[in-house]
Amino acid sequence: MSGVSSALNIEDLRKMAGRRLPSFLFDYVEYGHADGASVARNKAAFDKYQMLSRVLVKVVPPDTRRTVFGREYDLPFGISAVGGLGIFRPGADRFLAEVAREANIPFMLSGVSTESIETVARIAPDHVWFQLYPAREFALTERLIGQARNAGCEVLVVSVDYPIQNKSEVPQRSGVTPIGGIDWAKLPSIAGDLATHPRWLLEFLRSGGMPKMESWMPYAPAGSSPKDIAKYFASVWPPNLVWEDVERIRALWKGKLVLKGLMEPGDVSRAYEVGADAVSLSNHGGNKLNIVPATVDCLAPARDVAPEGSTLFLDGGIRRGSDVVKAAALGADFCFLGRAFLYGVAAGGRDGARRVVEIVRDDLSYTLAMLGIPDMYSVDPALLVTQA
Ligand SMILES: Cc1cc2nc3c(=O)[nH]c(=O)nc-3n(C[C@H](O)[C@H](O)[C@H](O)COP(=O)(O)O)c2cc1C
């Protein structure tokens with residue numbers, strides 16, 4: 001076995017990604033906000049939940065399917081929105097769409113993706129959801145929604161968790177962000193990093209250098225460079241959204257609507273009141289603040305206030321199939337993985353993303369069988385044991 005096929009778990013892929021990527025990119029992913037406490041907490045929090053196993057149950061093979069919004073997916077997890085993927089691996093958005101289609105799982109295309117929504121939705125029309133970052137001007141938000149509709153997306157995921165631009169210390173130091181590009185004035189400080197990651201550098205240069213946010217090209221001035229498009233984006237985003245904005249979006253979007261980035265129970269119940277079809281509990285993978293609780297710890301309180309039968313998603317810190325089972329026991333209908341797929345695609349492109357699906361799927365099946373759980377609908381909260 002060689003390359004990504006030798007990875008046994010997501011941690012193996014993380015290490016491979018760390019070897020290929022310059023530190024200014026890898027650390028950007030690893031730290032999230034400030035010292036990375038929330039990134040670490042999201043992951044570590046899963047350890048305090050354990051599951052009792054039942055025996056003498058017919059479980060082979062376990063049924064991992066799960067239906068969301070009337071569509072049956074083969075697995076109870078999907079690919080979360082990650083912006084600026086092209087700098088990590090040219091073609092990454094396309095690879096993820098291909099893998100989502102093959103594996104029959106959803107792929108949330110980031111509102112600041114590298115490849116355009118049109119290109120990506122064409123690859124996997126039944127699997128691509130569009131994650132919207134609304135603009136300050138509602139007229140522009142309306143056009144973005146129209147773009148998603150015309151591309152054939154059935155699910156709109158509105159990320160509502162950044163009232164202001166997030167801050168990360170890593171790019172302030174390096175001068176590089178996946179969507180903002182490279183501040184060449186800081187080149188001397190990253191030159192050594194570039195020189196010691198020649199595989200990444202060669203592919204970056206061969207693919208034309210800094211990638212563009214293609215979905216934003218129709219709005220930025222004609223002939224804009226990647227940096228100009230990023231500048232334009234920074235001039236229209238973020239808006240300080242309020243509930244009335246969500247109501248306007250709800251009135252406009254006839255498809256399924258997900259609100260992403262909620263944690264607080266009052267917000268969760270209000271989201272359903274204003275007509276969201278699902279809530280995605282998320283702290284943006286620890287990218288927004290280092291003082292927020294792990295999202296898995298927000299699940300039970302959110303489920304308590306969510307209306308009977310409502311759809312609840314979780315992301316944050318999920319690295320194993322067993323994490324997905326724990327999340328289901330705590331009340332999540334479906335999970336999304338951000339970094340796991342980022343590591344996979346950065347380490348090995350399309351094959352790396354496929355390997356993520358295999359790893360998480362196999363661990364999920366193994367866990368279900370060993371716990372004596374025949375299918376995803378039979379994950380019994382009574383099996384959950386929580387350590388204080
Ligand atoms: C590098 C990076 C970029 C991200 N970009 C976006 C984005 O464009 N839109 C969005 O809604 N969430 C974005 N997220 C958050 C993810 O969608 C998801 O909430 C988070 O990664 C889940 O945590 P995990 O990485 O531990 O799986 C990003 C996360 C990372 C790590």
Side-chain angles (χ1 to χ4, degrees), residues 10-11 13-14 17 21 24-33 36-46 77-89 92-93 96 106-115 117 120 129-134 144 155-162 165-166 168 170-171 176-180 213 215-216 230 233 237-238 241 258-263 279-289 292-296 298 313-321 323-324 327 332 334-346 356 359-360:
I10 300 301
E11 179 59 18
L13 290 172
R14 188 184 82 87
L21 295 173
F24 57 78
L25 281 182
F26 188 61
D27 290 352
Y28 173 84
V29 176
E30 292 307 277
Y31 284 90
H33 181 248
S38 290
V39 179
R41 193 179 302 116
N42 273 350
K43 182 167 171 285
F46 279 93
F77 63 88
I79 306 171
S80 206
V82 172
L85 271 177
I87 197 169
F88 298 95
R89 173 70 74 175
D93 292 314
L96 290 174
F107 168 34
M108 272 181 202
L109 181 73
S110 165
V112 288
S113 59
T114 301
E115 313 258 348
I117 175 69
V120 177
W129 299 3
F130 182 64
Q131 178 262 313
L132 173 76
Y133 275 133
L144 290 162
V155 181
L156 185 72
V157 180
V158 185
S159 291
V160 293
D161 50 355
Y162 280 174
Q165 171 69 61
N166 74 318
S168 169
V170 174
V176 185
T177 70
I179 62 168
M213 286 196 282
S215 292
W216 286 87
F233 177 71
W237 184 89
L241 292 177
V258 182
L259 291 194
K260 176 175 184 284
L262 286 68
M263 289 191 291
V279 166
S280 202
L281 293 180
S282 175
N283 58 26
H284 224 103
N287 290 1
K288 87 179 222 173
L289 280 168
V292 284
T295 43
V296 69
C298 301
F313 302 150
L314 175 82
D315 72 51
I318 299 167
R319 304 287 185 270
R320 291 186 178 271
D323 295 336
V324 176
F334 214 85
C335 291
F336 285 87
L337 285 69
R339 284 181 179 77
F341 281 101
L342 172 49
Y343 297 144
V345 85
V356 175
I359 287 171
V360 182

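Just follow the structure's listing: the first ligand is 1, and inside any ligand the first atom is 1.
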Could an N or O of ligand 1 be found under 3.5 Å from any N or O of Arg319, whether backbone or side chain? yes

Under 4.0 Å, heavy-atom basis, I'd like to know which part of Gln131 is in contact with ligand 1: side chain, backbone, both or neither. side chain

Tell me the closest heavy-atom pair linking Val360 and Arg319, and the distance in Å. CG2-O, 4.4 Å

Which ligand 1 atoms, with their elements, are less than 4.0 angstrom from a heavy-atom of Gly285? 19 (O), 20 (C), 22 (C), 23 (O)

Closest approach of any protein heavy atom to atom 7 (C) of ligand 1, naming residue and atom: Tyr133 OH, 3.1 Å

Taking only heavy atoms of Ser110 into account, list the atoms of ligand 1 that are under 4.0 Å away from them. 7 (C), 8 (O)

Among Ser280, Ala81, Gly83, Gly32, which residue places a heavy atom closest to atom 28 (C) of ligand 1? Ala81

Where does the angle between the aromatic ring planes of Tyr343 and Phe26 fall among parallel (under 30°), tilted (30 to 60°) and perpendicular (over 60°)? tilted

Among all protein heavy atoms, pick the one closest to atom 21 (O) of ligand 1 and tell me residue, atom and distance. Gly338 CA, 3.6 Å

Mark the output for Val82 as yes if a heavy-atom distance to ligand 1 is under 4.0 Å, and as no if none is. yes

Considering only protein heavy atoms, which is closest to atom 15 (C) of ligand 1, and at what distance to one decimal place? His284 CD2, 3.5 Å

What's the shortest distance from atom 26 (O) of ligand 1 to any protein heavy atom, and which residue and atom give it? Gly317 N, 2.7 Å

Give the atom numbers and elements of ligand 1 that come within less than 4.0 Å of a heavy atom of Ser282. 19 (O)

Contact between Gly111 and ligand 1, counting heavy atoms under 4.0 Å? no

Given Asp315, Ile79, Leu132, Thr177, identify the one with the heavy atom nearest to atom 22 (C) of ligand 1. Asp315

Counting non-hydrogen protein atoms only, what is the nearest one to atom 18 (C) of ligand 1? Give residue, atom name and distance. Ser80 OG, 3.5 Å

